[in-house]
2 protein chains.
Amino acid sequence: MRARRANSREKILAAAADVAREAGPGSLSLEAVASRAGVSKGGLLYNFPTKAKLMQGLVESYLSDFQEALEARAAEAGHESALSAYIKLSADDCERPKPSASWMFSAIAEDPDFLTPIKAFKRQLLERLKGETDDLGSLLICFLAIEGLRSMNLFDSDVLSAEEHKLLVSSLLKIAG
Amino acid sequence: MRARRANSREKILAAAADVAREAGPGSLSLEAVASRAGVSKGGLLYNFPTKAKLMQGLVESYLSDFQEALEARAAEAGHESALSAYIKLSADDCERPKPSASWMFSAIAEDPDFLTPIKAFKRQLLERLKGETDDLGSLLICFLAIEGLRSMNLFDSDVLSAEEHKLLVSSLLKIAG
DNA sequence: TTGACAAGACCGTCCAGCCGGTACAGTAAG
DNA sequence: CTTACTGTACCGGCTGGACGGTCTTGTCAA
C-alpha cells in the first residue's frame, strides 16, 4: 500500500531531526538515522538515495510545515495583521525548549547551499509583510528581532528568561500595532 | 623565538576561519587548515594538539576580539550609551559581506558545547546593558534585533538590502535613545 | 649538542554509497 | 487455484576514501 510506505519517509525525516538534536549535528550519520527510524541503512537509502537528498527533504518539510502553520495562524484569527501572526507563531515555536532544527547545522556542513530555499522563503515573507505594513522601520525591527529569537532557539541559547521572553513578545506586538 | 611561534598560532586561526568561510564549514579539516596556513599537519598539531583545541582557540580569539572592539567603541565616543556602541559595532561587523564566523558551524558539529563561552558572554553583555538602560522592553528589542542581524550575516543571508540595513540601524539607535 | 618545533608518512576509525540479496503484492497465463 | 513473472520496499555486509591523531625524522636557533 502506498500510504504505509510513504509513512516511512516521514519517520526517517523525524528520526533525522531527533538524532541531530539529541546526538548533535555532527553525529547525524545515515546509520544513526536509519537505526532511529527503525529502518535499515538500505531502506533509508531507498527512500533518500543520497545524504544530500535527505537534507533536502528536511528543508522542504520544514518549509512546508512552517508555511502551513503560518496560514493556520493567519486564518484562525483573521483580523490581526500578518506580522502579528508571524510574531506569535515564532514566539510559540521558540518557547519550546527543544531546538528542533539542529539538523540545519548538519545541512550547512554538508553544503551551505541547502539553506538557499529557506533564505528565499524569508525574503518572500518579508516582502509580503512589507505590503501590509506602513512603517518599514518598525517592520524591520520586528522581523529582525524574531530572527534573533529564532537564532537563539536554534543555538539552544538560554540568554533570555521566560519573563524577558514574554516582555519582548508583548513589546514587539505593540510595535507591530 | 616567541614572536615567531605566537605568530604561527594566529596564522592558523585565521586560516581556519578562511577555510570554513570559503570551502564551507563541513570542509574544515586539519589538513586543509594546515595547508592554508602554510604549515604542515605536524606543525598544526604541535600548536593545537587536537581539533577540539583548535575550535576552542577560535572561540577564544573571537571573544577577545569582540570584547576589544566593544571597549574601543565605547571609549572612542565615550558619551553614547553602551547599547548604542554595541548596535553600531554589530552593524559595522555585519556590513561586511563576508560571514567571517562560519567556523562556528564546524565547532557546533564537533561539539555543541563549544559555544557555551559565547552564550555566557552574551548573557553577561545583556546583563551589563540592563544596568545602563531604563526601559527593559526597548533593550530586549534592540538586543534581539542585533542578534537577528548577526544571525543573518552568519548564515550569509541577503534578505535585507543595504538601505533596509541602514534604516534598521537608525531605527534601533532611535529606540536605544 | 640540545631542545623546541616542523614535516609528512602512516594507522585506525568512521561513514557514505554500492550491491547482491529477501519478502511480498499484484498480475496474468495455464 | 496455481505457477511464473514483475516491480516495489527493504535489508545489511562491504569498500573505498577521508580524516583525526601518532610517530619518526629532520631542521635550526641558542
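Note that this is a predicted model, so its numbers are computed, not measured. To find a chain, count down the sequence lines: A is the first, B the second, and so on, and within it residues start at 1. Values reported hereafter were calculated over all heavy atoms of this structure, with side chains retained and with hydrogens, waters and symmetry mates removed.
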Are more than 12 heavy atoms from other residues, nucleotides or ligands located less than 6.0 Å from atom CZ of A:R123?
yes
Base, sugar-phosphate or nothing for B:L28? Non-hydrogen atoms, less than 4.0 Å.
sugar-phosphate
Atom NZ of B:K53 to atom P of D:dG20: distance rounded to whole Å?
17 Å
Separation of atom CG in A:L45 from atom C1' in C:dG20, rounded to whole Å:
15 Å
Nearest heavy atom decides the nucleotide; on that basis, is A:S40 or B:E31 closer to the 5' end of DNA chain D?
A:S40
Quick one: does B:V159's side chain get under 4.5 Å of A:F143's, heavy atoms only?
yes
Report the distance from atom CD of B:E110 to atom P of D:dC19, rounded to the nearest whole Å.
13 Å
Starting the side chain at C-beta, find the nucleotide from C:dA7, C:dA16, C:dG17 nearest to A:S29.
C:dA16
Taking CD1 from A:I12 and C1' from D:dC11, how many angstroms apart are they, rounded to a whole number?
13 Å
For the side chain of B:S151 and the backbone of A:S151, is there at least one donor-acceptor N/O pair under 3.5 Å apart?
no
Nearest-Å distance for atom pair NZ/C1', residues A:K11 and D:dA9:
12 Å
What I want to check is whether the side chains of B:S64 and B:S61 have a donor and an acceptor closer together than 3.5 Å.
no
Is the phosphate of C:dA6, meaning OP1 or OP2, less than 4.0 Å from a side-chain N or O of B:Y46?
no
Is there a donor N/O on one and an acceptor N/O on the other, under 3.5 Å, for the side chain of A:K41 and the base of C:dG17?
yes
For D:dC10, does either OP1 or OP2 sit under 4.0 Å from a side-chain N or O belonging to A:N47?
yes
Side chain of B:L30: nearest nucleotide among C:dA16, D:dG20, C:dA7?
D:dG20
For the residue pair B:F121 and B:Y62, establish whether any side-chain heavy-atom pair is separated by less than 4.5 Å.
no
Take atom CD of A:E10 and atom P of D:dA9, then tell me their distance rounded to the nearest Å.
15 Å
Please work out if B:K51 contacts a base, only the sugar-phosphate, or nothing of the nucleic acid, heavy-atom cut-off 4.0 Å.
sugar-phosphate
Check whether any side-chain N or O of A:S8 sits under 4.0 Å from OP1 or OP2 of D:dC10, and answer yes or no.
yes
N or O in side chain of B:T50 less than 4.0 angstrom from D:dG21 OP1/OP2
yes
